[in-house]
Amino acid sequence: MRNKEIANLLKTYASLLAIKGENFFKVRAYQEAGRVLENLPTPIEKLIKEGYDLTQFEGIGKDLAKTVEEIVTTSTFKKLEEIKKEYPLSLLELLEIEGLGAKRVNRLYKKLKISSKQQLCQEVKNLSTLEGFGKKLQQKILQYCQEGVGSKKFLWAEAKEYLQELQEYLLKIDPKKLSVAGSFRRKKEVVGDIDLLASKDNFQEVIKHFIQYPKIKKVLGAGETKASVILEGGLKVDLRSVEEESFGAALQYFTGSKAHNVKIRKIAQEQGLKVNEYGVFKKDKKVAGKEEEEVYKILGLCWIEPELREDRGEIEACKENKLPKLITTKDLQGDLHLHTNWSDGRHSLLEMAKAGKELGYSYLAITDHSKRLTIANGLDEKRLLKQIEEIKRLNEELKGFTLLTGMEVDILEDGSLDLKDEVLKELDVVVISLHYKFNLSKKRQTLRVLKAFDNPYVNIFAHPTARRINLRPPVEIDLEKVFLEAKERNIALEINSQPDRLDLDDKSILLAKKIGAKMVINSDAHNIYALDYIEYGVNQARRGWCEKTEIINTLKLKDLKTFLRSRG
DNA sequence: GCCGTTTTCGGCCCGACTGTTTTCAGTCG
């Protein structure tokens, strides 16, 4: 069972406990345990097998450790099964509706026997008999039933496009300060909404301007201090006013994550201080808040990069002076996975080279698809040899820039590669990846990849889980085994920058880092513009605590070649 | 249910807003 699945069981149990009306702190304990476990880089199954004491993790005590062990070893969770008899799982759907929390859901169920969205929508008329269901709330539920507004998550890259346009519009009115906070600032791969902070000076004017933005689908509310809208396309945006004196504290507060902030406030408390969105207070006296750095500093902490603020050890790392120096796009010397019009790309070798040079790179590896992908006009051995000749010729023209020869070779079902070794050995960079047979068992998928690693010419394992966010789940594969083997054999693991791939994800990157495997951040561009996607891959790498030294395409060409040749 | 240098009980992060009330519960971030 994956960590995520175990965590989900605990969270589900927590939600049902909350609906039942159990002690709030007990509920939170289960939620918290779920959060801690899903963030673990190592499979819990493995830890338990090795006899690791789970109570070592913060937030997991004797009882929870036992529960987790029960889940892992017996694949059952008795307490959950029991509470499910009393409170059906479908109640959880109701919690997704804005305005409905545990208490109201309980009342719906106990008084009206409503246990699903569908039932709720059928019985909206009868709600007035219930305590705590006034006119407005009924209206809201009715609307929800009519529109079926889901809680759609947006890719970070999509949200960025919406945000850029909106920001340009907002800046016309010249708010003194305007910052984005929330999960967007933390560069999460998907975001539910966008939080904007503006200074209070001319806020009424700013808000008025904001709600007149032409691309708004709906204004949810506009008050003295906050306005909420839904943009065309469905993205929700909150804009808040903030006193300039409190801007840093508000930015810290609204950037989150929630878990990070909880810990920050606990630390404050231990020092007799109090942190809220207005500042840091000693009794009633404000001692910091204008700048975000101050908030951390006064608590004896260092400023922490937003990408790290997930309570995955960043606060402890700061105390031990072990925070990573995160990689930036400027550290990259080149891109080692991209396509041209030789297969399914749009631009020519030369056009790609020029675009790469313009980005400030010193090398690009051309890695078109191999022959199995006929739909992408994949290259066979003969065409590849021709392309190699062409690249050699081009390199004589290109000054101060190098095209590396390469190929994205399909891993076949049995783990062999789609092209013959005689040709692979001619290449500078051999990228391998999965493009079909995604639903093999974990064991077979892992063996398939490890077998492919046996090939002595392989350099990079691209988009290792083959997931596509919101479209396709990751394949079942034992990443730890794969990463250990990759480290052993000097194969770099890819962080693919396509906005819906971002594969490896942040947690897997942390695992790879811990194991000591090398990684590479690639655009997988199919045209010259998509080379810029590299930003998204860098975001993901940063969320995975990556430093320059862990990423091979930060190497100068000479050193890169040494690394690539260390195989075979 | 977790946690502990004020420890085995009695705390547990904090504040705003909304809508429902008539002093505040419930939800949210």
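Below, chains carry the letters A, B, ... as their sequence lines are ordered, and counting in each starts from 1.
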### Whether A:S246 side chain and A:V242 backbone form a donor-acceptor pair below 3.5 Å
no

### Message
Would you call the rings of A:W156 and A:Y536 parallel, tilted or perpendicular, taking 30° and 60° as the class edges?
### Response
perpendicular

Categorize [X] for me: base, sugar-phosphate, or nothing, with a 4.0 angstrom heavy-atom threshold over every strand shown.
X      : value
A:N23  : base
A:E32  : nothing
A:K79  : sugar-phosphate
A:K226 : nothing
A:Q269 : sugar-phosphate
A:I264 : nothing
A:F254 : nothing
A:K135 : sugar-phosphate

Side chains of [X] and [Y], donor plus acceptor under 3.5 Å:
X      : Y      : value
A:K79  : A:Y30  : yes
A:N261 : A:Q252 : yes
A:S90  : A:K117 : no

Write down the distance between [atom1] ([X]) and [atom2] ([N]), rounded to a whole number of angstrom.
X      : N      : atom1 : atom2 : result
A:L94  : B:dC28 : CG    : P     : 12 Å
A:L197 : B:dG29 : CG    : P     : 15 Å
A:K258 : B:dC28 : NZ    : C1'   : 8 Å
A:L95  : B:dG29 : CG    : P     : 13 Å
A:R28  : B:dC14 : CZ    : P     : 10 Å
A:K62  : B:dC3  : NZ    : P     : 12 Å
A:F24  : B:dG11 : CZ    : C1'   : 13 Å
A:E131 : B:dC24 : CD    : P     : 15 Å

### Message
With syn defined as a glycosidic angle within 90° of 0 and anti as the rest, where does B:dT22 land?
### Response
anti

Please tell me if [X] has a side-chain N or O lying less than 4.0 Å from either OP1 or OP2 of [N].
X      : N      : value
A:R104 : B:dA25 : no
A:K274 : B:dG15 : yes
A:Y278 : B:dC14 : no
A:Q138 : B:dG19 : no
A:K103 : B:dG26 : yes
A:T225 : B:dC17 : yes

With rounding to whole Å, what would you report as the distance between [N] and [M] at their [atom1] atoms?
N      : M      : atom1 : answer
B:dG29 : B:dT23 : C1'   : 24 Å
B:dT21 : B:dT27 : P     : 14 Å
B:dT7  : B:dC12 : C1'   : 15 Å
B:dA16 : B:dG11 : P     : 24 Å
B:dA25 : B:dT20 : C1'   : 8 Å
B:dG10 : B:dG15 : P     : 25 Å
B:dC2  : B:dT8  : C1'   : 12 Å

### Query
Is A:K177 atom NZ crowded by more than 12 heavy atoms from other residues, nucleotides or ligands, each under 6.0 Å away?
yes

## Note on the structure
Whichever of A:A102 and A:T55 has the more 5' nearest nucleotide on DNA chain B, that residue is A:T55

### Task
Please figure out whether A:V105 or A:K266 has its closest DNA chain B nucleotide nearer the 5' end.
A:K266

### Query
Under 4.5 Å between any side-chain heavy atoms of A:L100 and A:L95, yes or no?
no

From the list [options], which nucleotide is the closest neighbour of the side chain of [X]?
X      : options               : result
A:D63  : B:dC2, B:dG26, B:dT20 : B:dC2
A:Y253 : B:dC14, B:dG1, B:dT20 : B:dC14
A:E277 : B:dG15, B:dG1, B:dG19 : B:dG15

### Task
Scan every strand shown for a Watson-Crick or G-U wobble partner of B:dT8, both distances under 3.5 Å, and answer none if you come up empty.
none

### Query
Less than 4.0 Å between a side-chain N and a carboxylate O, is that true for A:E292 and A:R309?
yes

